[in-house]
Amino acid sequence: MNKAWMGSYVSKKGYAWFCVGLALWCFGCSSGSTPPPQITVAVSPKRAAVTTGQTQTFVASVTGSSNTSVTWEVDGTAGGSASVGTISSGGVYTPPTAGGTHTVLARSAADPTITASASIAVTDLAGVFTYHNDISRTGANAQEFALNTTTVTTATFGKLYSCNVDAAVYAQPLWVANLTVSGAKHNVVYVATEHDTVYAFDADNSACTNLWGAPKSLLAAGETWVNSLGDTGCGDLQPDIGITGTPVIDPGTNTLYVVSKSKNPSTGPATYHHRLHALDLATGAEKANSPTEVSAQVNGNGGGSVAGKLTFDGLLNAQRPALLLSNDANGKHVIIAWASHCDFGQYHGWVMSYNPSNLAQEAVWNASPNGVLDGIWMGGNGPAADANGNIYFVTGNGTFDSATANYGDAIVKLAPPSGGTFAVSSYFSPLDQHNLELVDADLGSGGLILLPDLPGGAHPQLLTQAGKDGRIWVADRTALGGFSTTSNGVVQELDSAVPGGIWGSPAYWNGNLYFGAAQDGNPNGDPMRAFSFNTTTGVVAFATQSAKIFAFTGPTPSVSSNGTTTGTGIVWALDNQAWAQSCPSGGCQVVYAYDATDLANKLWDSTLAANSRDRSGGAVKFTVPTVANGKVYVGGQNSVTVYGLLPN
């Protein structure tokens, strides 16, 4: 094309515009094709948690190509490996034998540069077999790999489902990993209710599958549970009383030990029964010699005695403390303790030991054989035990006189059961014990925990505890301090450290102590506080506190973490102030999660999500969350609510 020809069509002035138009015309005519679609890959679920005995199926979705196949990798290795877990061509992930976190990646076969990934946490935790995780009662699960300060957010964590049960759940749910039931492995959560019923739910199934086929009723023929007001006249457990103390599991024999309370209304007058049951974990069946009736008698002239004998009273006594499975040179023992319902009647605190193999009673101890009212409460916590089988607990206010074997308002250490009883090897009672008794300021409203052994020094073995008056006590486990009218013989006393008082137990993790205080009858409440524990010197000092104010009964904190790894420690706490109230459909129990290194940093709570997505059930006082395998199990008025990682 030359300029002469061009000039016959356009003027020189329009030459530039003609070129632009010609270029556009040529571009439009030269091709009718469109750019190829972009390939994308997505993986579901985005996040998951499994035990070492489970598998997890991941699904890859490919768009933008007729070739929808992918290849799989784990932590950068095609197909994975024994150390990080393997994954099949169909996306089935099989975990390694050790706990940890891993990344599963799907790579497009059509374009290997296009990938998508998901996270998976593997737990090697065998189970939560007892109240507050261990016999030291520390409340810590340090084998939690899925939940940390970055994954517990409203976008990634929330309510998964809720399972209905027949009555209130005061006992902490217990959890067992990789249990074989009917030929298949399951993670199982055991839930006990105040209607004397035990459930064995598949811990990962939103259908709330009961692996025993049906709930296990522990009621004998013709019996029913006890009514709180109608039978005891006390509203401390509402509205019914059946199983209150948290059961205990022996994983070595696959046995769950639980104490039921019931009544036979047709005996005129009604008779009341406490029974110790040994249930098979896989089937719920009663084992040999189970159940056994609880009965006891000791010498003494205390309240309610007859002819120098005190007899265990099935109506007056309340089996609130969690059960303990201790171990010493003579073997294992099921340890059970009692208090009362309110402060009604001439009651006493009892401690009993049973042989776990045949349920024969081995030993009986009474806290006030020549006095009265020395109950063992501890807000639902159970006796603790050390490696030698010594047993530790706290009593409420009542008669104190160690010369006559009455141990009111005392931290007590019992030697292992022997000769039908327990010997008191050490104790501590505050110098103002009498004043505590007069104003109902129980030392034993809160439970104790055994602290990690120190490397040396004058007091290498310590425990800590707090009660209604808000003092934190740190005592030497080898010599608790006794009683003096001039000074308190403990290692450390922190006055007004938790001024609201304690109706639960502390938790311990990685040099930190957590106390959930409250104020009885005071709606203003108290924050949850963290104290540092120097693992060299044993000194306890205030560190941080929550902005949240917890009203009565206050929380018993629990902790989850991946060992001591930074950013993995979480303190879990329940706000159960509405425990005696009828709750709306949205629920009235609130679950909180805090950064374990700073309680001022709240990570999540169950009221934050839109449309009440994460609301729990009705509140129950003294309940404790159970954290295992990326899930949090919370007992309520008639349900168990399960929280965990949101899959997508």
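Computed over heavy atoms, backbone and side chain alike; hydrogens, waters and symmetry mates excluded.
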N/O donor-acceptor pair under 3.5 Å between N562 side chain and T565 backbone: no
Close side-chain approach of N133 to V559, heavy-atom, < 4.5 Å: no
Donor-acceptor contact present, side-chain T193 to main-chain D166, <3.5 Å: no
Ring centroid separation Y643 to W604 under 6.0 Å: yes
Residue list, salt bridge (charged side-chain N to carboxylate O under 4.0 Å, His left out) with K287, at least two apart or on another chain: none
For Y161, all residues meeting ring pair (Phe, Tyr, Trp, His ring centres under 6.0 Å), sequence neighbours excluded: none
With S81 via side chain to side chain contact (heavy atoms under 4.5 Å, CB included) - residues at least two apart: S83, V84
From W503 atom CH2 to K621 atom NZ, the distance as rounded to the nearest 0.5 Å: 11.0 Å
With K548, the salt bridge (charged side-chain N to carboxylate O under 4.0 Å, His left out) member among D575, D526, D605: D575
Separation between CG of L646 and OG1 of T153, rounded to the nearest 0.5 Å: 8.0 Å
Parallel, tilted or perpendicular: ring planes of W579 versus F552, cut at 30 and 60 degrees: perpendicular
Disulfide (SG to SG under 2.5 Å) pairs, two or more places apart, involving residues 137-212: C163-C208
Heavy-atom pair with the smallest gap, counting every atom of W175 and A203: NE1-CB, 3.6 Å
Any side-chain heavy-atom pair of V571 and L599 under 4.5 Å: yes
Check: N512 side chain, Y514 main-chain N or O, donor-acceptor pair, under 3.5 Å: no
Nearest heavy atoms of P506 and G447, plus distance in Å: CD-O, 3.5 Å
Heavy-atom closest contact (T97 atom, T52 atom, distance): O-CG2, 3.5 Å
Heavy-atom side-chain proximity of K631 to V189 below 4.5 angstrom: no
Test item: R107 and V70 side chains (from C-beta on) under 4.5 Å apart, heavy atoms: no
D614 side chain to K159 backbone, donor-acceptor under 3.5 Å: yes
Flag side-chain contact, heavy atom, 4.5 Å: Q54 against D204: yes
I570 CD1 to L603 CG distance, which is reported to the nearest 0.5 Å: 5.5 Å
Smallest separation among heavy atoms of T156 and T150, with atom names: OG1-O, 4.3 Å
Qualifying ring-ring contact (aromatic ring centres under 6.0 Å, His included) pairs, either residue in residues 127-151, two or more places apart: none
Value rounded to 0.5 Å, distance of CD1 in I249 from CG in L256: 5.0 Å
T68: side chain to side chain contact (heavy atoms under 4.5 Å, CB included) partners, not counting sequence neighbours: V62
Polar contact flag, side-chain donor to acceptor under 3.5 angstrom, N67-S65: no
Side-chain donor or acceptor of K602 paired with backbone N/O of S546 under 3.5 Å: no
Test side chain to side chain contact (heavy atoms under 4.5 Å, CB included) applied to L211 and D202, T283, N205, the passing residue: D202
Heavy-atom side-chain proximity of N629 to N187 below 4.5 angstrom: yes
Least distance between heavy atoms, F157 atom then L645 atom: CD1-N, 4.0 Å
Sequence neighbours excluded - ring-ring contact (aromatic ring centres under 6.0 Å, His included) pairs with any residue from residues 179-199: Y190-W212, H195-W225, Y199-F201
Pairing residues for S108 by the side-chain hydrogen bond (donor to acceptor under 3.5 Å, both in side chains) criterion, not counting sequence neighbours: none
Main-chain N/O of G242 paired to E194 side chain as donor or acceptor, under 3.5 Å: yes
Where M528 and P555 come nearest, the two heavy atoms and their spacing: SD-CG, 4.3 Å
Spacing of T113 atom OG1 and I39 atom CD1 [to the nearest 0.5 Å]: 8.0 Å
Validation row: V176, P251 side chains within 4.5 angstrom (heavy atoms): no
Full working for side chain to side chain contact (heavy atoms under 4.5 Å, CB included) between Q172 and V128: CA-CA 10 Å; Q172 179 180 346; V128 178; 4.1 Å; yes
Donor-acceptor pair, side chain of N611 and main chain of R613, under 3.5 angstrom: no
Greater than 12 external heavy atoms within 6.0 Å of K46's NZ: no
Side chain to side chain, R47 and T151, heavy atoms closer than 4.5 Å: no
Pairs flagged by ring-ring contact (aromatic ring centres under 6.0 Å, His included) wherever residues 66-86 is involved - sequence neighbours left out: none
Intermediate values then yes/no, side chain to side chain contact (heavy atoms under 4.5 Å, CB included), V198 and L218: CA-CA 8 Å; V198 180; L218 303 186; 4.1 Å; yes
Under 3.5 Å donor-acceptor, S560 side chain and N141 backbone: no
Partner set under side-chain hydrogen bond (donor to acceptor under 3.5 Å, both in side chains) for N638, not counting sequence neighbours: none
Donor-acceptor contact present, side-chain Q238 to main-chain Q581, <3.5 Å: no
Test item: side-chain donor near acceptor, T564 and N510, under 3.5 Å: no
Distance-only donor-acceptor check, side chains T130 and R137, under 3.5 Å: yes
Residue pairs, two or more places apart or on separate chains, that pass disulfide (SG to SG under 2.5 Å) and touch residues 614-648: none
Tell me which donor-acceptor pairs under 3.5 Å the side chains of residues 588-597 have, and how far apart each pair is, sequence neighbours excluded?
residue : atom : partner : partner atom : Å
Q589    : OE1  : S616    : OG           : 2.7
Q589    : NE2  : N576    : OD1          : 3.0
Q589    : NE2  : G635    : O            : 3.0
D595    : OD1  : T597    : N            : 2.9
D595    : OD1  : T597    : OG1          : 2.7
D595    : OD2  : T597    : OG1          : 3.4
D595    : OD2  : N601    : ND2          : 3.3

Separation of Y170 OH from T246 OG1 (nearest 0.5 Å): 12.5 Å
Side-chain H-bond candidate by donor/acceptor type, S505 with N381, under 3.5 Å: yes
Donor + acceptor pair across side chains of E144, T123 (<3.5 Å): no
